[in-house]
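Chain identifiers are assigned alphabetically (A, B, ...) following the order of the sequence lines, protein sequences preceding nucleic acid strands; residue numbering begins at 1 within each chain. Note: hydrogens, waters and symmetry copies are ignored here, and every other heavy atom, side chains too, is used.
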Amino acid sequence: MFRLIVEKELRETLGTTKFAVTFAVCAVLILLAFYVGARNYQVGRAEYEAARAENLKQMEGLTDWGRVDHRIFMPPQPLAALVSGVANDIGRTTEVETRGELRSENSRFNEDPMFAVFRFLDLEFLFGVVLSLFAILFAYDAINGEKERGTLRLSFANSIPRDRYILGKLVGAFLALAIPLLIPILIGCVLLPILGVPMDNGAWLRLGLVVLAGYLYLGVFLALSVFISAMTERSATSFLMLLVVWIVAVLIVPRASVLVAGRAVDVPSIDRINFDKSKFETQLWQEDRDKMMDWQEENSREGESGREFFERFQQYTQELGEERNQRISEYTARLNEERRNRESVQQRVALGIARISPTAVFTLATTNLAGTSLSLKHQYQAESATYQKIYSDFIKEKTGRTNSGMVIRLGGEEEEELDPIDPYELPDFSFAGPQTADVTAAALPDLGLLVLFNVVFFAGAFVSFLKYDVR
Amino acid sequence: MELQSPSRALLEADNLTKRYEDGQLALDHVNFAVAAGEIYAMLGGNGAGKTTTINLFLNFIEPTEGEARVDGIVTHRDPLAAKKKLAYVSENVMLYPNFTALQNLDFFARLGGRTDYSKDAYRDVLLRVGLQEEAHGRRLKGFSKGMRQKCGIAIAILKDAPAILLDEPTSGLDPKAAYEFIGLLDSLRGEGKAILMSTHDIFRARDVANTIGIMNQGKLVMQRSKQDLAGEDLEKVYVEYMAGYMDRETETV
């Protein structure tokens, strides 16, 4: 009986013009998403390699490591080709100095603001927006449509258990959408390595889980559609209700959650933090300048040459600079930590609210799996900061200073004949991106939530249909 | 007002009563029985309770009082078992428009538990109900109401249940098809089916039914065998019963 209902649903769906058109649109969009994503990856990879080479090239001919203008770069993530997440918002270039805060710039959206306006066509968008809408289009009249057509009455004139009927309807509707969609997805998977996206076992596993999350998400909207269809008498009513639910879940809740969290948890702005830092730096500079003046008055010795005096002065300023930088670093770290803590609370509140929407849950699951969630930014920042320490030690080893003091060159000083530096001696920075085990673990709670949404909506559909008037 | 059936009753209404939640009494202590090899025609105006009676036999609604039985099985206690013994044709047969006639027959036959039919068997039944061969492989969305009705009757025949419920089965059929349908009913009776038919068509009811019941405002106001009605003008009887009942109702009020 169950199989018969499933077969009927499949045959009924696959034989319609609506399905043919929908499938064609989905197939084209999915293949386009894979192709455009892979091309973006290629372009991003080429730019990354070129930028690295250019960074080393601009150091050629320099003789002083202290004058090196060094940059590190974030490589494109392979799965960002399919789920862009925040990958396009993060600056890809970071100028590294031996001290101070690291700032990333040249994000994709910074370079191509049009993409920031209209965003990319990726799998997350397709499932999140397009396919969820198609799921509603296919299932909004699953029960009440049969009633309107009179086929529900005729069907239940036979000895059919309602539980098998509703389960058969849902499974049939799901398979009718899921199986055909698998075709363009599989073709897209074949295209990825051909188009130069490196896919190791971990990446394949993560992509598989992204597709699984997509199917779970599709199931949520199908189950919800059947549920609402089993609560209403008219298909026009259920369609309208589902449209409202879709707008709320897809468009409103994720955005509103950020607004609500922003109002609930106050996070000082970057400008405010920069102002406080700047004020503190100015204050320290003022103090150090006074100290330097005092030092000059107290430490002038009779008969001492200017060169000796300046060497001592330079030594003193070096010490002052290191102390000042230490204090600035500590102060900045404290401000940044306070901001990060508040930001973290705000994010937790926003994500907690957003998770009432299956769309937000799906987005969080897929961006986690693709390694393009907010943690990508945090991980890149953390690895950059670690690299900064390595770089600082390297420069100190090469120059004997950390660029924190004031280096004064005296006129008439004989320039030493120095050998050019070898840029390839620089410690290498290679950002591998999030690891499969980590991203999978991070995505599991959201995958579980998607399963829960399916169960809850199916239970709702089941209970509603048990009481449904089939006449 | 109960009639004694000569053979085993397959369809029985025993004090069958239905009062809806809004207080409306749709069916008021109705009693009748339809034996194997009998056709029972329920006559009555719109809202008389004919379709409610059929809905109670199909357990689409539960009785407030009394019970409907199919081959001794109380429908609201064991609806799945009862429905195995029932076939049903609605007033306005609506099947799956994107399926062909053969596909619709195949689906509903299997839904009715019959998995042993070949495509030829479906074709034979469709021909038997008068659907031309060229229409068998066509999608139903292009079918007229009469053609769909024939498919619905074919589905009921394929189920091969001992009891058949027909809700205005000749509605939408042209006179020739309606005439052929009466012949079909006669042959089903010959196969021993118990047939309960609601209809507005007094003349066809008189032609084919073994027993005729007249319903008005939820009550079975008259129930007579074909022999009892022999020589009487059924139309006149119908009008008199309806009018008389209404007069009594008015007096009561």
Side-chain angles (χ1 to χ4, degrees), chain A residues 1-23 137-139 141-169 171-173 176 230 233-235 465-471, chain B residues 20-21 51-52 54-62 70 73 75 78-100 103-104 106-115 139-141 145 148-149 151-153 155-156 158-159 161 163-167:
Chain A
M1 184 67 66
F2 169 73
R3 195 176 155 184
L4 178 66
I5 305 288
V6 172
E7 278 176 15
K8 191 275 290 179
E9 283 298 312
L10 280 170
R11 194 185 286 178
E12 198 188 4
T13 306
L14 301 183
T16 58
T17 311
K18 180 169 80 174
F19 173 79
V21 172
T22 308
F23 174 67
L137 281 178
F138 276 93
D141 61 348
I143 302 299
N144 53 21
E146 292 253 9
K147 181 173 178 169
E148 285 172 342
R149 287 195 297 269
T151 43
L152 196 61
R153 189 178 166 88
L154 191 56
S155 294
F156 277 90
N158 292 295
S159 179
I160 316 172
R162 290 194 178 206
D163 52 353
R164 284 188 215 171
Y165 185 83
I166 188 91
L167 188 62
K169 291 282 292 182
V171 171
E233 295 290 313
R234 290 167 52 82
S235 56
F465 189 59
L466 287 183
K467 297 182 289 185
Y468 197 72
D469 184 356
V470 299
R471 286 176 293 159
Chain B
Y20 288 109
E21 284 172 5
T51 301
T52 301
I54 287 176
N55 283 340
L56 285 160
F57 273 101
L58 290 166
N59 194 47
F60 289 162
I61 47 175
E62 289 203 0
V70 181
I73 302 165
T75 56
D78 192 354
L80 295 183
K83 285 180 193 178
K84 280 183 183 163
K85 295 173 181 288
L86 278 177
Y88 166 65
V89 179
S90 65
E91 178 186 358
N92 189 9
V93 174
M94 298 295 285
L95 303 171
Y96 293 106
N98 285 317
F99 286 8
T100 65
Q103 285 171 335
N104 268 296
D106 180 53
F107 172 68
F108 282 104
R110 287 162 68 194
L111 206 60
R114 300 304 302 258
T115 53
R139 289 185 177 196
L140 254 79
K141 59 179 153 192
K145 189 179 177 186
R148 290 199 311 270
Q149 205 72 7
C151 287
I153 295 162
I155 287 167
L158 280 169
K159 191 171 179 183
I164 302 174
L165 303 174
L166 304 169
D167 194 359

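Under a cutoff of 6.0 Å and an axis angle of 45°, A:Arg11 and B:Phe99 form a cation-pi pair.
Atom CZ of A:Arg149 has more than 12 heavy atoms from other residues, nucleotides or ligands within 6.0 Å. Atom NZ of B:Lys141 has more than 12 neighbouring heavy atoms from other residues, nucleotides or ligands inside a 6.0 Å radius.
For B:Phe108 against A:Ser155, the heavy-atom pair with the smallest separation is CE2-OG, 3.6 Å. Of all heavy-atom pairs spanning A:Ala157 and B:Phe60, the tightest one is N-CZ, 4.0 Å.
Ranked by non-hydrogen atom pairs under 4.5 Å with chain B, the options A:Glu7, A:Arg471, A:Glu146, A:Arg153 are led by A:Arg153.
Interface residue B:Asp167: only side-chain heavy atoms are found under 4.5 Å from chain A. No part of B:Leu165 comes within reach of chain A, as not one of its non-hydrogen atoms sits under 4.5 angstrom from that chain. Neither the backbone nor the side chain of B:Pro79 has a heavy atom closer than 4.5 Å to any heavy atom of chain A.
At least one side-chain heavy atom of B:Leu80 sits under 4.5 Å from a side-chain heavy atom of A:Pro161. A 4.5 Å side-chain heavy-atom check between A:Asn158 and B:Lys159 finds at least one atom pair inside the cut-off.
Side-chain atoms of B:Lys83 come within 3.5 Å of backbone atoms of A:Phe156 as a donor-acceptor pair (strictly under, hydrogens ignored).
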